[in-house]
Every structure is written in C-alpha cells, then in structure tokens.
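All remarks here apply to the structure that follows.
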Amino acid sequence: MPGLAAPLIAWYRDAARDLPWRREGFGAWGTLVSEFMLQQTPVNRVVPHLEAWLTRWPTPADLAASPPGDAVTQWANLGYPRRALWLHRAAVEIRDRHDGVVPRDVDALLALTGIGDYTARAVAVFAYGDRHPVVDTNTRRVLARAIGGRAQPGPPHRRDLEAMEAELPADIAEAAIVNAAAMELGAIVCTARAPKCEACPLAAQCAWRVAGYPASEDRRRKQATYEGSDRQTRGAVLKTLREAAPAAVPVFAVIPEWPDAAQRDRAIDSLIADGLVEADDDHLRLPGHPSS
DNA sequence: GACGCGTGGAA
DNA sequence: TTTCCAAGCGT
C-alpha cells in the first residue's frame, strides 16, 4: 500500500478551493465558528453567514456577552438551530474557563459544548497547526473507498481515527495538509453520488476502483421523512419567533394555521425543553437571559 | 449504537 | 416529483 499522503498533497496544492477559513491568519475563533456552521450544512450556505457572524461577534467574549436568543436569530436559516445555542455556550465556557482564548488542547476542546471528535481535532489542526487525525464524513468515504474497497463508509467509528492516523506523515505541516486534502477530495471529487474518478489523484491505487466499483451493503442511516415531521414543525415555530425577535409572540399567534394542533404544541414544548424557546405568561420568545 | 435534530439545492 | 445529500453532536 503506497499511502495516500503524497498524491493528496500534490493534488490539494492545485485543486483546493479558496475558502474563507483557509485564509492566512483567519484565527481560531473564526475556525471554530466555521466548524460549528459546517456541521451538516453545505459550504456554499455557510460562507455569507460566517462573515456576518464574525463581524458582529469578533471574539468569544463578544458572543458570550449577548443573549443566546441573539445567536439563534443570527443563525437564521442555517438549520439545526441547537448549534447556535451550543456555540453560544461554548463561547461562555471559553470566556470563563480559558480567559476568552479558544483552547488548543484536544481534550479541552472536547469539553466544550457542541464540540465532538471531529470539531475538536479540526480546530487543533487547522487553527493551531497541531498533528492529529481529522475525520469527517468526506474523509471516511475516501478511506472506505481507497483503502477499504467499499462504495460507502459505515457509521462513524473510533477506528476511523486510527485509519487516518496511519496515513499522516510525521511532518506536522504535511499532516495538516493531508487532513485537509482528504476532506476536500471527498467534498469535490470522491463524492457520495457520481464520484469523478477521472480527476482523482488516488485512482490508480483506489481499492474500490481496482476491484471494479463493487456495490457494498449500505449501512448508512436513512434520513427520516421531513414533510409532516416534528422537525418541520419546530422549524416553523422557530422561524416565527426569529422573525418577531426580540419581541415575544402570543402563543395563539404561533403557526395558528398548522393542521395538527397537538403536533404544534409538542413542538413548542420540545423547543422549550431544549432551551431554544422561553415561555412567559401566554407568550413565547427566544432565550434572552444574559450569559454568565 | 441508534435516534432526533433544519434547511435548501441538485439529480 | 421525490429522494438524496450536506465539514456532527448530545443523549
């Protein structure tokens, strides 16, 4: 097995997209915010929101000083609004536990709200230049195909980190590039549907291609139907409150047209339980308590 | 390990 | 049109 590092590094030098968080000196806070936004939201939708966010809140302390509801409003339609709440909590934790500086240590990053195996290592590697395996869904797919010979990866697993670690050069700077290049390859060449193998630097050594693109059992979770779901209902409720913010909205005026009143009430209750919505008297609003 | 969690663009 | 997919995380 020749290894993936050398061809990935050469390819990345020419093919990498020019993205804001790859600019020199983008900063650890910017990297952290970008990674939160990129958790399940496509790059093209993140870019404009990221710039607006960092203009409003240039440091973790700036965000921590605002009400969490403002973060939910600024999050707008990026989806999964819990991430806005988690990012706000992380900012408070950074202010209180790390003197306002995004931590560099992976375990310290993992201890922050909303940061898991991927985001912690992404910040340590891309913002601070340390040497760790960074494994997202793109990298898992590249590894599954190039090394495992399978069409798609299985569910995320700690073993993925070990597989990526085995591909990293000893040189710290090169290791960071290999991490970024594997993700980039999965994002723009080794895509889930219709991979562009003719443009792939790993084509000659790709186990999946060499084996003739065998179909493998797809163990990925199917996404639940969105139309008519509780998630859709929650989204509609929160959209109403974002558009009214910072004003509160009478409960009777929150998606009154919704066909299933019980589902609407269930959505409101779950949003309150998640801390995304506050209820007082007969009104609902985004959470407004200062963070401390 | 499996589930719940938004939103919009592309095939 | 419907389905699939997108730099995951907490429970």
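Quick note: numbers below take in every heavy atom, side chains included, and nothing from hydrogens, waters or symmetry partners.
The distance between the ring centers of A:W29 and A:W57 does not fall below 6.0 angstrom.
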Scan the side chains in residues 149-156 of chain A for donor-acceptor partners under 3.5 Å anywhere in the protein, sequence neighbours excluded, and list what turns up.
unit_1: A:Q152; atom_1: NE2; unit_2: A:A192; atom_2: O; d: 3.1

Give every donor-acceptor pair under 3.5 Å between a side-chain atom in residues 120-127 of chain A and any protein atom, sequence neighbours left out.
unit_1: A:R121; atom_1: NH1; unit_2: A:D117; atom_2: O; d: 3.1
unit_1: A:R121; atom_1: NH1; unit_2: A:D117; atom_2: OD1; d: 3.4

| request: Using a 4.0 Å cut-off on protein heavy atoms (strictly under), produce a 5'-to-3' string for nucleotides 1-11 of chain C with B for base contact, S for backbone-only sugar-phosphate contact, and - for none. | output: ---BBBBBSS-
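Using a 4.5 Å cut-off on side-chain heavy atoms (C-beta onward), A:N77 and A:H49 make contact.
A distance of about 23 Å separates the P atoms of B:dG8 and C:dC9, rounded to the whole Å. Taking the P atom of each, C:dA7 and B:dC5 are spaced 22 Å apart, rounded to whole Å. Taking atom C1' in both B:dG1 and C:dG8, the straight-line distance is 15 Å, to the nearest Å.
Note on A:E174 versus A:R131: no salt bridge recorded, every NZ/NE/NH1/NH2 to OD/OE distance being 4.0 Å or above. The pair A:E162-A:R158 fails the salt-bridge criterion, with no side-chain N (NZ, NE, NH1 or NH2) lying under 4.0 Å from an Asp/Glu carboxylate O.
Taking only side-chain nitrogens and oxygens, A:Y226 never comes nearer than 4.0 Å to OP1 or OP2 of B:dG6. The shortest distance between the side-chain N/O atoms of A:N77 and the OP1/OP2 oxygens of B:dG8 is below 4.0 Å.
Along DNA chain B, the nucleotide nearest A:K239 and the nucleotide nearest A:P155 are compared for position; the residue whose nucleotide lies closer to the 5' end is A:P155.
Distance CD (A:E227) to P (B:dC5): 15 Å, rounded to an integer number of Å. B:dT7 atom C1' lies 10 Å from atom NE2 of A:H49, rounded to whole Å.
Under the ring pair (Phe, Tyr, Trp, His ring centres under 6.0 Å) criterion, A:Y213 pairs with A:W208, not counting sequence neighbours. Take A:R141 and apply the salt bridge (charged side-chain N to carboxylate O under 4.0 Å, His left out) test, not counting sequence neighbours, and it matches no residue.
Near-neighbour residues of DNA chain C inside residues 249-276 of chain A, defined by a heavy atom below 4.0 Å, are absent.
Side-chain atoms of A:R231 and base atoms of B:dG4 include no donor and acceptor less than 3.5 Å apart.
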| CA sep, side-chain torsions, deciding dist, call: A:L241, A:V72, side-chain contact (heavy atoms from CB on, under 4.5 Å) | CA-CA 10 Å; A:L241 298 183; A:V72 175; over 6 Å; no
